[in-house]
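So the structure is just underneath, and the comments pick up after that.
Letters A, B, ... mirror the listed sequences (proteins, then strands); counts begin at 1.
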Amino acid sequence: MTDLQKDMNRTHHCSQLRATDIDTQVTLMGWVQNRRDHGGVIFIDLRDKEGITQIVFNPENSKETHAKAQEIRSEYVLGITGKVIARPDDMVNAKRETGAIEVMADGLCIFSRAKTPAFQIEDRIEASESIRLQYRYLDLRRPQMKNNIIARHTATTAIRNYLNDQGFVDIETPFLTRSTPEGARDYLVPSRVNPGEFYALPQSPQLFKQLLMISGFDKYYQIVKCFRDEDLRADRQPEFTQIDMELSFVDETQIMDVAEGMIAKTFKAVLDMDLKLPFPQITYDEAMDRFGLDRPDLRFGMELCEVSDLVKDTGFKVFASVVKNGGMVKAVNAKGCATFSRKQIDELTDFAAVYKAKGLAWIKIKEDASWQSPIAKFFTDQEQDALKQRLDMEPGDIIFFVADQIKITNEALGQLRNELARRKGLIDEDAFSFTWVTEFPLMDYDETEKRYQALHHPFTAPLEEDVEKLSSDPLAVKSRAYDLVLNGIEIGGGSIRIHSSDLQEKVLECLGIDQAEANDKFGFLLEALAAGAPPHGGIAFGLDRLMMILCKEDSIRNVIAFPKTQKATCMLTEAPSIPSTAQLQELSIKTVKTQE
RNA sequence: GGGGGUGUAGUUCAGUUUGGUUAGAACGCUUGCCUGUCACGCAAGAGGUCGCGAGUUCGAGUCUCGUCACUCCCGCCA
């Protein structure tokens, strides 16, 4: 095999040459996308990061090079020297940017031969995901994957430039840190020099960025890996990347301004798209009321409608008793869907059951405006009229009802709304619909552990006017937390933090975290808060989810170069692996994993 | 922890409902022919632990039980 020769210096990349370059002597380097051997003449599509150029080997031009070209196969790595020539008029390939020209090779260097790849390097070939992950280096040669990874770079570059221009300071925070209170399960790292003790990998740099505000850094950001040892989903990986920021002497408005500016720059850089600012805002309560979810998809309407008041005394006992017991009856009008078959309705009932709904009641409005429904007979004429008006029932519509505890009703019907929109094709796949969701509850009640729990995290500030309710009615306290939702997916969230140790202690008390526990787990933060803390707040964005939406992918794995499987393994490196006994001894660890 | 889906040639899949001859297709691969293709064409050929293990049966890719892997979802993820 020949080494890179002195005269083989790349002059162009593979999407660069045009008709204006004809007669230029060039050197290209890249991988063999495709070989077409016509016996006499051989065509090679040479591919690099930028694109593809056709190379021609013609024995009349160089007998020696043509002979050498016969052994070329897919994915060989080549250096080619030759002259750019025009293609015959009727041979121009309009589908390709470089289709007007080709390179007549007079020199060929085979840098590497390649085994036949496990799958072809083309977007249209559908290799299964496990094969793709096993040969990720091949998968990343595919234009779609390559473009996703480059788009991610384009995004982070735009984000860094924007935040730098806004006066933010990029500061690294430790990966080897200590376990945080509440929240997700931590990844633990044993400490060799402190036998029996463990670091935790950060679930987020939350406490450190607050400490940086207390240090006076004013505006901090970091594009940083975070770690959570929980079960995975299409939009969840054990290690993921956050765009993390924190600001001092600000309130919600300024943080949202900065975040919107950053998102707008990102969309401009990646998609050359101008977003309309500012983004709309909706309170948590309103989102739950109208959409049933705290991450409403605003690309379509079909809002939910509460009817508890209309059916509280109805003859349909299921509805009446739910209302009597503090539950809620809500409905959604699927316009024009009265054509749904019994089977389709059964499927939707199963769908709602996933979210704990015990049933799905329905009313079809027939063309003559009469009702077809298993529950219609239970309603009085007045109730029917009231429902008809409230739900804007028209011939051809079907109404779905869920009656359950408030939480279940909202979740099930909210998810059903999304599902109906998917089924009916109501979603504009090219739309980007943003909304802020504000004024989340500060805490909720954990039924299993019988105590209050912070919805966001325990350092989130309550709304000032709600502070007095902390002791009297904790569940009614709203927080200064906000999420940014895009197309029904939460892409970022943050809050104004508590900057007074007094208030912090009060909130911790409310959460049932006593002083001893608080001091043990994050006493350093409480002490720091007493050292002169500025009012501050921040936000963190999930870079992977943002890129997933920007790249129109269904899974964040397709915007991560080396993602993990659902069982958090790496198919390429086969991590995790069993350490040697010697390693374990050094770490003072006894393993429970035995040979089987 | 729970529910659903998938697993057959290098790859993507058909075949499994109703057990029965030599397990097929496409792409890829190999060889030969071909001087204008660009998803080249033509001809020939190689290629299989039907995920793995038990069981039922005269006989299992197909039925039963178990198990593993990948995947979607619920729980979980402040």
Would you indicate which nucleotide in B/rC29, B/rC73, B/rG10 comes nearest to any side-chain atom of A/S74?
B/rC29
For A/E122 and A/R142, which heavy atoms make the closest approach, and how far apart are they?
O-NE, 3.4 Å
A/S128 near the nucleic acid: base, sugar-phosphate alone, or nothing, with a heavy-atom cut-off under 4.0 Å?
sugar-phosphate
Examine B/rA69: is either OP1 or OP2 under 4.0 Å from a nitrogen or oxygen in the side chain of A/K567? Give yes or no.
yes
If only side-chain N and O atoms count, and only distance matters, is there a donor-acceptor pair under 3.5 Å linking A/Q70 with A/D37?
no
Pair A/N558-A/R132, side-chain donor/acceptor within less than 3.5 Å
yes
Could you check whether A/R132 gets within reach of a base, just the sugar-phosphate, or nothing at all, counting any heavy atom under 4.0 Å?
nothing
Using Watson-Crick or G-U wobble geometry with both distances below 3.5 Å, tell me the partner of B/rU30, or none.
B/rA44
For the residue pair A/E246 and A/H536, establish whether any side-chain heavy-atom pair is separated by less than 4.5 Å.
yes
Check whether the side chain of A/D231 and the base of B/rC77 form a donor-acceptor pair under 3.5 Å.
no
A/Q566 atom CD is separated from B/rG7 atom C1', nearest whole Å, by 16 Å
With both distances kept under 3.5 Å, what pairs with B/rG55, Watson-Crick or G-U wobble?
B/rC63
From the options B/rU71, B/rU35, B/rC38, select the nucleotide whose nearest atom is closest to the side chain of A/N58.
B/rU35
Mark yes when over 12 heavy atoms from residues, nucleotides or ligands other than A/E230 sit less than 6.0 Å from its CD; otherwise mark no.
yes
Searching all strands shown, indicate the nucleotide that pairs with B/rU18 (Watson-Crick or G-U wobble; both distances under 3.5 Å).
none
Has A/F43 got its ring stacked on the base of B/rU37, with centres under 5.5 Å and planes less than 30° apart?
yes
Using the side-chain heavy atoms of A/Q120, tell me which of these nucleotides is nearest: B/rU31, B/rG1, B/rC27.
B/rC27
Rounded to the Å, how far apart are A/R73 CZ and B/rU30 P?
5 Å
Every protein N/O lying under 3.5 Å from an N/O of nucleotides 32-34 of chain B:
residue: B/rC34; atom: N3; partner: A/D37; partner atom: O; Å: 3.1
residue: B/rC34; atom: N3; partner: A/G39; partner atom: N; Å: 3.4
residue: B/rC34; atom: N4; partner: A/D37; partner atom: O; Å: 3.3
residue: B/rC34; atom: N4; partner: A/G39; partner atom: N; Å: 3.4

Assess the pair A/F43 and A/H38: is the distance between their ring centroids shorter than 6.0 Å?
yes
B/rU6: pairing nucleotide in any strand, Watson-Crick or G-U under 3.5 angstrom
B/rA69
Would you indicate, yes or no, if B/rG10 has its OP1 or OP2 atom less than 4.0 angstrom from a side-chain nitrogen or oxygen of A/K115?
no
Nearest to the side chain of A/I131 - B/rU12, B/rU71, B/rC74?
B/rU12
Strictly under 6.0 Å, is that where the ring centroids of A/F227 and A/F175 end up?
yes
A/T116 side chain: which of B/rG75, B/rG28, B/rC38 is closest?
B/rG28
